[in-house]
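Quick note on labels: first sequence line is chain A, next is B, and so on, each numbered from 1.
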Amino acid sequence: MQIEFEGTYDLTSTLECGQAFRWRRDGDWYSSVIFNNNVKIRRNRKGVEFCSSPDDELALEPLVRGYLRLEDDLDGIYANINRDERIGESIKRFTGMRILRQEPWECLVSFICSANSNIGRISTNVEDISTKFGRAIRVNGDVRHTFPTVDVLAEAGEQPLRDLGLGFRAKYVSATARIIAEGGLDLFALREASYDEALESLVALPGIGDKVANCIMLFSLDKLEAFPVDVWIDRALREWYPAVAEKKLTKKAMRPWAQDYFGRYAGYANQYLFHGRRLQGK
DNA sequence: AGCCAGGCCCTCC
DNA sequence: GGAGGGCCTGGC
């Protein structure tokens, strides 16, 4: 099915910049499991084309639109965050890269798994969790699995997750799943909550600190002002922003500084700086 | 072999 | 309140 839209979209950068962990590339097609469907997608002249299974594409289309954040006015956002030549360069280089609107629970677990890890390993962890605890979706001989529900992971407990190689993150995933399963937090409700409210709720969960909470808010809870500070952003800000270096801002102090500096779309600035700095390597 | 990875948490000062 | 060390595991 074709989704037509105006405006730019760099699907490759968007799906490969490290905000989502289950997309696989095969030629110009990308495939993953989202909304309990095996979804294939590719860029074309008029927009993006996608296939879904088992559900009808017509039913999935609004969800895919939402996932891809096609409603974001990129030019408006660029104009808003373009405060200096550093961010300007990154915008020029990765024009069309978007933040995704992922499913909150999968996003939350993915970023608990990200602690002291790397993208390759996180991808393996998330895929292994799905294979072991998710529901099989078969498409033309290909089998992928849905990401398991909160209840399934709450019931599973810590040890099976350790056996999958999550390491010390297993107890955090398990404990957080149990809290949410028992009604300790409504993740979707956080989409309507303020940034501060959502942050406070998330960091109360085991395994979620300021950085991970900001990732979850940015990539799944519609908080475009979220600004996760990881080692790459830490490097980018210290190397590229004299104000940060001169003030000797700690990692902790960088987030509020950047949110004030870049404004309400600071999360977009974050993703462009992150991507640029990470490709540059250490 | 030893260090580090897209942090978090706990202890101690 | 913030600095320092431990934590699973895999990759270099």
Side-chain angles (χ1 to χ4, degrees), chain A residues 13-23 90 94 97 99-100 102 106-129 131-132 153 156-180 185 198-221 223 226-240 244 247-258 266-282:
Chain A
S13 293
T14 299
L15 299 181
E16 295 185 6
C17 69
Q19 56 177 321
F21 301 95
R22 296 193 69 195
W23 288 98
S90 295
F94 306 119
M97 179 171 66
I99 301 295
L100 294 170
Q102 299 179 240
E106 176 179 337
C107 186
L108 181 153
V109 174
S110 300
F111 281 95
I112 286 181
C113 289
S114 76
N116 217 26
S117 189
N118 56 73
I119 293 180
R121 186 178 175 194
I122 301 163
S123 300
T124 300
N125 289 157
V126 176
E127 195 64 25
D128 288 348
I129 291 171
T131 302
K132 182 161 178 63
L153 286 190
E158 175 183 343
Q159 191 55 46
L161 293 169
R162 272 194 183 262
D163 295 342
L164 291 180
L166 295 208
F168 61 84
R169 304 157 198 86
K171 64 178 179 294
Y172 298 141
V173 172
S174 174
T176 291
R178 284 180 174 160
I179 291 169
I180 295 178
L185 182 62
L199 178 61
E200 185 182 351
S201 299
L202 289 172
V203 298
L205 296 169
I208 301 181
D210 194 87
K211 188 271 175 185
V212 169
N214 274 271
C215 286
I216 298 164
M217 289 193 286
L218 180 57
F219 302 135
S220 75
L221 298 177
K223 303 295 180 280
F227 196 92
V229 179
D230 57 34
V231 297
W232 298 106
I233 285 293
D234 181 81
R235 287 179 188 132
L237 293 185
R238 279 189 289 104
E239 293 171 14
W240 297 344
V244 171
K247 292 175 186 168
K248 295 188 182 352
L249 292 182
T250 62
K251 263 182 112 166
K252 183 176 163 61
M254 283 182 191
R255 176 174 66 73
W257 177 85
Y268 259 96
N270 181 290
Q271 195 58 196
Y272 279 70
L273 293 173
F274 169 81
H275 197 45
R277 187 60 188 81
R278 194 169 75 85
L279 291 182
Q280 183 178 319
K282 279 193 286 190

[X] [atom1] - [N] [atom2] separation (whole Å):
X: A:L202; N: B:dG7; atom1: CG; atom2: P; answer: 18 Å
X: A:L205; N: B:dC9; atom1: CG; atom2: C1'; answer: 14 Å
X: A:I112; N: C:dT9; atom1: CD1; atom2: C1'; answer: 18 Å
X: A:Y172; N: B:dC8; atom1: OH; atom2: C1'; answer: 5 Å
X: A:L166; N: C:dG10; atom1: CG; atom2: P; answer: 11 Å
X: A:I122; N: C:dG11; atom1: CD1; atom2: C1'; answer: 14 Å
X: A:R162; N: C:dC7; atom1: CZ; atom2: P; answer: 11 Å
X: A:I216; N: B:dG7; atom1: CD1; atom2: P; answer: 14 Å

Practice item. Nearest-nucleotide wise, let me know which of A:D210 and A:R169 is further upstream toward the 5' end of DNA chain B. Key: A:R169
Point to revise | 5' precedence on DNA chain B between A:I208 and A:F274 (nearest-nucleotide basis) | key: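 The 5'-side residue here is A:F274.
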Taking any heavy-atom pair under 4.0 Å as a contact, classify [X]: base, sugar-phosphate, or nothing.
X: A:L164; result: nothing
X: A:G18; result: base
X: A:I233; result: nothing
X: A:P228; result: nothing
X: A:N116; result: base

Review point. Distance check: side-chain N/O of A:R121 vs OP1/OP2 of B:dA5, anything under 4.0 Å?
Key: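 So the side chain of A:R121 is outside the cut-off, no N or O lying under 4.0 Å from OP1 or OP2 of B:dA5.
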Practice item. Return no unless some side-chain N or O of A:R235 is found under 4.0 Å from OP1 or OP2 of B:dA5. Key: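 Result: yes.
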Practice item. Could you please spell out the steps behind the side chain to side chain contact (heavy atoms under 4.5 Å, CB included) verdict for A:V109 and A:T176? Key: CA-CA 9 Å; A:V109 174; A:T176 291; over 6 Å; no
**Study point:** Paired nucleotide for B:dC3 [Watson-Crick or G-U wobble; both distances under 3.5 Å]
**Key:**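 Pairing partner, where one exists within any strand: C:dG11.
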**Study point:** C:dG4: pairing nucleotide in any strand, Watson-Crick or G-U under 3.5 angstrom
**Key:**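 By the stated definition (distances under 3.5 Å), B:dC10 pairs with C:dG4.
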Review point. For A:Q280, does the CD atom have more than 12 heavy-atom neighbours from other residues, nucleotides or ligands under 6.0 Å away?
Key: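 It does: A:Q280 CD has more than 12 such atoms within range.
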Exercise for review: Quick one: pull up CG in A:N125 and CG in A:L164 and give me the separation to the nearest 0.5 Å.
Suggested key: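 A:N125 CG to A:L164 CG: 8.0 Å, rounded to 0.5 Å.
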State which of [options] makes the closest approach to the side chain of [X].
X: A:K171; options: C:dC8, B:dG6, B:dC4; result: C:dC8
X: A:K282; options: B:dG7, B:dG6, B:dC4; result: B:dC4
X: A:F168; options: B:dG7, B:dG6, B:dC4; result: B:dG7
X: A:A115; options: B:dG7, B:dG6, C:dC8; result: B:dG7
X: A:N118; options: B:dG6, C:dC8, B:dC8; result: B:dG6

Practice item. May I ask you to decide whether A:R255 forms a salt bridge with A:D210, counting only side-chain N to carboxylate O separations under 4.0 Å? Key: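 Salt bridge flag = yes for A:D210 with A:R255.
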Practice item. Take A:D234 and A:R238 through the salt bridge (charged side-chain N to carboxylate O under 4.0 Å, His left out) test and state the conclusion after the steps. Key: CA-CA 6 Å; A:D234 181 81; A:R238 279 189 289 104; 2.4 Å; yes
Exercise for review: Determine the Euclidean distance between corresponding P atoms of C:dG4 and B:dG6; express it in Å to zero decimal places.
Suggested key: 22 Å
Exercise for review: Write down the distance separating the P atoms in B:dT11 and C:dC8, rounded off to the nearest Å.
Suggested key: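 Per the computed distance, 15 Å lies between those P atoms.
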Point to revise | Worked verdict on A:F274 versus A:F227 for ring-ring contact (aromatic ring centres under 6.0 Å, His included) | key: CA-CA 11 Å; A:F274 169 81; A:F227 196 92; over 10 Å; no
